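Only a predicted model underlies this, so the values are computations on that prediction, with no experimental measurement involved. Each ligand, and each atom within it, is numbered from 1 in the order the structure gives.
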Amino acid sequence: MYTAEADPHCYPGTTVLRNLLDIQDPELLEEAELALFLTRAEEPFPAGEFDVQHYLSLHRHLFQDVYPWAGDIRTIRIGKAGNWFCYPEYIAAELNRIFVELGTPETLARMTDTAFAAHVGHFLAEVNAIHPFREGNGRTQLAFLAILSEHAGFGFNEKILDRDRVMHAMIESFSGNEALLVSVIQDIIA
Ligand SMILES: Nc1ncnc2c1ncn2[C@@H]1O[C@H](COP(=O)(O)OP(=O)(O)OP(=O)(O)O)[C@@H](O)[C@H]1O
């Protein structure tokens, strides 16, 4: 659940996001959203150049059946548990900055596993602090990690993917400690 400003994306008087299925019950929406996301997550992900457009197209792919704004940068301020994410007016510029830092497909493919985990750990901490979308950020982060890892020739072990561990590592990274996130990535790609 997000701390959000009055949100034009929600049904009036609720925190339920307007959706293509017009489901207004929060639990039913959560169920349907997850099922539709899982179906799209089984399909091949959109190809791209590991740039901002690629990241937006991945979110669009994963949430196209649920939200009309899938793949669009959010326009309202949001936060979680007292941590406010990037204000919307700065998101596009911040995304451009961190995707330049991420590097090209060629430089990523040349990294050792240790270098990759440190580099991508920092990148994901930044993506999380930016939180470009109104919803679906965590799942897009992990899907993108899977794409990057596969490209660089490493694995992506979904079986050891412990959501609580990832969440804890992400929250720590928000305060500047990226070590846990780097370590979880190391384990996922091993
Ligand atoms: N207090 C917090 N501070 C910083 N980041 C947080 C906090 N709580 C959660 N996060 C991170 O936010 C992301 C989840 O964002 P969001 O809810 O938009 O994504 P989701 O895909 O809908 O949810 P989930 O990742 O739970 O499936 C995760 O990466 C999570 O680790």
Asks: Going by the order shown, which atoms of ligand 1 are within less than 4.0 Å of some heavy atom of Gly138?
Replies: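 Per the distance check, 13 (C), 14 (C), 15 (O), 16 (P), 19 (O), 20 (P), 21 (O), 25 (O), 28 (C), 29 (O).
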Asks: Below 4.0 angstrom from a heavy atom of Ala81, which ligand 1 atoms are there? Numbered from 1 as shown, please.
Replies: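 That gives atoms 1 (N) of ligand 1.
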Asks: Does the separation of the ring centres of Tyr67 and His9 fall below 6.0 angstrom?
Replies: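 Ring-ring flag for Tyr67/His9: false, centres at least 6.0 Å apart.
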Asks: Is Arg163 in polar range of ligand 1, meaning some N or O pair under 3.5 Å apart?
Replies: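 Yes; the residue has a nitrogen or oxygen that sits under 3.5 Å from a nitrogen or oxygen of the ligand.
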Asks: Yes or no: does His168 have any heavy atom under 4.0 Å from an atom of ligand 1?
Replies: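 So His168 does not count as touching ligand 1.
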Asks: Would you check if Gln24 and Asn19 make a side-chain contact, meaning some heavy-atom pair closer than 4.5 Å?
Replies: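 Counting from C-beta outward, Gln24 and Asn19 never come under 4.5 Å.
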Asks: Compute the ring centroids of Phe123 and His119, then answer whether they are less than 6.0 Å apart.
Replies: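 No, they do not, as the ring centres are separated by 6.0 Å or more.
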Asks: Under 4.0 Å, heavy atoms only, figure out whether ligand 1 is touched by the backbone of Asn128, its side chain, both or neither.
Replies: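 Contact part for Asn128 vs ligand 1: side chain (C-beta onward).
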Asks: Where do Glu126 and His122 land on the side-chain hydrogen bond (donor to acceptor under 3.5 Å, both in side chains) test, with the steps shown first?
Replies: CA-CA 6 Å; Glu126 297 260 45; His122 175 67; 3.2 Å; yes
Asks: Should Glu101 and Arg97 count as an ion pair when the cut-off is N to O under 4.0 Å?
Replies: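 Result for this pair is yes, salt bridge flagged.
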Asks: Salt bridge check, Asp72 against Arg134: does any charged N sit closer than 4.0 Å to a carboxylate O?
Replies: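 A salt bridge is absent here (no side-chain N lies under 4.0 Å from a carboxylate O).
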Asks: Does NZ or CZ of Arg77 lie under 6.0 Å from the centre of the six-membered ring of Tyr87, at an angle within 45° of the ring axis?
Replies: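 Verdict for Tyr87: a cation-pi partner in Arg77.
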Asks: With a 4.0 Å cut-off on heavy atoms, is His131 touching ligand 1?
Replies: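 Heavy atoms of His131 do come under 4.0 Å of ligand 1.
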Asks: Could you tell me whether some N/O pair between Gly136 and ligand 1 is separated by less than 3.5 angstrom?
Replies: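 Looking only at distances, the answer is yes, because the N/O contact criterion of under 3.5 Å is met.
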Asks: Please confirm whether Phe85 approaches ligand 1 to less than 4.0 Å, judged on its heavy atoms.
Replies: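 Yes, that is the case, since the closest heavy atom of the residue is under 4.0 Å from the ligand.
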Asks: By number and element, which atoms of ligand 1 are closer than 4.0 Å to a non-hydrogen atom of Arg139?
Replies: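 Atoms satisfying the 4.0 Å criterion: 20 (P), 21 (O), 22 (O), 25 (O), 27 (O).
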Asks: N/O of Met170 under 3.5 Å from N/O of ligand 1, yes or no?
Replies: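 It does not: no N or O of Met170 is found under 3.5 Å from an N or O of ligand 1.
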Asks: Relative to the heavy atoms of Asn83, which atoms of ligand 1 are at a distance of less than 4.0 Å?
Replies: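 So the atoms of ligand 1 that pass are 1 (N), 2 (C), 3 (N), 4 (C).
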Asks: Are the ring centres of Phe50 and Phe99 closer than 6.0 Å?
Replies: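 Ring centroids of Phe50 and Phe99 are no less than 6.0 Å from each other.
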